[in-house]
Amino acid sequence: MAAFRWPLTVRRLHKWLALFVGVQVVLWTATGFYMVVVHIDTIHGDHLVRAATPPALQTRDLMAPARIAAAATGATEVRLQQRLGRPVWRVQAPDGVSAYDARTGQRLGELNEGDVRRIATRLYSGDARIVRATRLTTPVQELGTRKPPYWQVEFAGWNRPTLYIAPLTGELVAKRHLLWRVFDIAWMLHIMDYDTRTDVNNPLLRVATWSAFAMAVSGAWLLIWSFPKRRKRKAAA
């Protein structure tokens with residue numbers, strides 16, 4: 001029976017591990033480089049919206065929030081804010097968000113497209129025109145777990161700046177652009193979560209990480225093993 005040859009076995013293991021994780025190591029390096037080079041504030045899209053100071057809201061002659069909460073079944077939060085310059089009560093309940101006129105208590109319907117375009121134009125820091133405004137009722141990947149409906153307002157430009165507006169309150173839900181979308185793909189490739197893009201401890205990532213560790217250990221073993229062999233060759237010469 002032939003003797004078991006450890007160096008040959010470790011060398012083969014190292015080679016196949018390198019082939020298995022080599023591509024992912026390159027992706028880790030490239031995506032990590034992108035995430036370090038592009039500033040996180042740029043990724044967040046803070047430059048897309050104007051810095052707004054909170055408006056001063058007059059509470060005189062407004063309906064009491066307790067009356068609004070009583071009108072909304074199961075209300076968990078009542079918050080005063082503005083919608084197109086008028087004070088409204090924003091009510092959070094288990095079945096979703098509703099809005100009430102803060103002066104009359106009348107329940108408000110959704111904003112129309114024209115209102116949404118005006119809000120988006122006021123929020124946007126650039127001067128590009130709006131390409132399209134679409135009310136979405138199905139989730140989109142770039143908003144993660146946020147539930148629709150919401151308005152998607154896209155502006156002209158190489159980076160495709162996009163603002164998402166809440167249809168009832170006119171609030172800014174999210175801001176997206178090309179560099180964010182590239183970051184999102186880079187993050188997906190980096191953590192190897194190709195579904196939700198949020199699980200940084202998924203099985204695929206653990207397998208790749210331990211495989212890379214095994215490749216490094218086997219490579220170190222081969223390096224150490226090669227030194228005595230070289231010394232013997234020199235002595236024989």
Stepwise side chain to side chain contact (heavy atoms under 4.5 Å, CB included) check, N159 with W180: CA-CA 9 Å; N159 59 339; W180 184 97; over 6 Å; no
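- Residues D46 and K175 form a side-chain contact, since some pair of their non-hydrogen atoms from C-beta on lies under 4.5 Å apart.
- Contact check on E142 versus R176 returns no salt bridge, with no Lys/Arg side-chain nitrogen under 4.0 Å from an Asp/Glu carboxylate oxygen.
- For F33, there are no ring-ring contact (aromatic ring centres under 6.0 Å, His included) partners, not counting sequence neighbours.
- Residues S98 and R107 come closest through the heavy atom pair CB-NH2, 3.5 Å.
- Formation of a donor-acceptor pair under 3.5 Å by the W151 side chain with backbone atoms of A166 is not found in this model.
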Side chain to side chain contact (heavy atoms under 4.5 Å, CB included) assessment of L178 paired with W158: CA-CA 8 Å; L178 181 60; W158 66 270; 4.0 Å; yes
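- Distance alone, capped at 3.5 Å, is enough to place a donor-acceptor pair between the H39 side chain and the D41 backbone.
- A donor-acceptor pair under 3.5 Å is formed between the side chain of H177 and the backbone N or O of T42.
- The only option from T31, V38, V37 that meets the side-chain contact (heavy atoms from CB on, under 4.5 Å) definition with Y34 turns out to be V38.
- Within the structure, salt bridge (Lys or Arg N to Asp or Glu O under 4.0 Å) contacts touching residues 65-84 (residues at least two apart or in different chains) are E77-R79, E77-R90, R79-E171.
- Listed for the R103 side chain is no donor-acceptor partner under 3.5 Å among the backbone atoms of P87.
- A donor-acceptor contact shorter than 3.5 Å links the side chain of W89 to the backbone of M63.
- Enclosure of atom CG in N112 by more than 12 non-hydrogen atoms of other residues, nucleotides or ligands within 6.0 angstrom is indicated.
- For the pair I68 and G105, the tightest heavy-atom approach, listed with the atom from each and the gap, is CD1-CA, 4.1 Å.
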Stepwise side chain to side chain contact (heavy atoms under 4.5 Å, CB included) check, L108 with V88: CA-CA 9 Å; L108 301 174; V88 298; 3.5 Å; yes
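- Separation of atoms CE (M192) and CG (L27) is listed at 8.5 Å; rounding is to 0.5 Å.
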Trace of the side chain to side chain contact (heavy atoms under 4.5 Å, CB included) decision for L163 with F155: CA-CA 8 Å; L163 302 182; F155 292 82; 4.0 Å; yes
R181 and T162: CA distance, side-chain angles, deciding distance, side chain to side chain donor-acceptor pair (under 3.5 Å) verdict: CA-CA 11 Å; R181 294 175 179 112; T162 304; 3.1 Å; yes
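- Distance alone, capped at 3.5 Å, places no donor-acceptor pair between the Q24 side chain and the T209 backbone.
- The closest donor-acceptor contact from the side chain of D193 to the backbone of T198 lies under 3.5 Å.
- Going from atom OG1 of T104 over to atom CG of D61 covers 12.5 Å, rounded to the nearest 0.5 Å.
- Counting heavy atoms of neighbouring residues, nucleotides and ligands inside a 6.0 Å radius, atom CZ of R135 exceeds 12 of them.
- Of the possible donor and acceptor atoms, one in the side chain of R50 sits under 3.5 Å from a partner among the backbone N and O of R122.
- A donor-acceptor pair is defined here as one N or O able to donate and one able to accept, closer than 3.5 Å; no such pair exists between the side chain of S125 and the backbone of L123.
- Between the T137 side chain and the P149 main chain, no donor and acceptor come within less than 3.5 Å of each other.
- For F213 and W210, the distance between ring centers is under 6.0 angstrom.
- A 6.0 Å sphere centred on CD of Q106 holds no more than 12 heavy atoms belonging to other residues, nucleotides or ligands.
- Annotation for W28: atom CH2 counts as buried by contact number, over 12 foreign heavy atoms lying within 6.0 Å.
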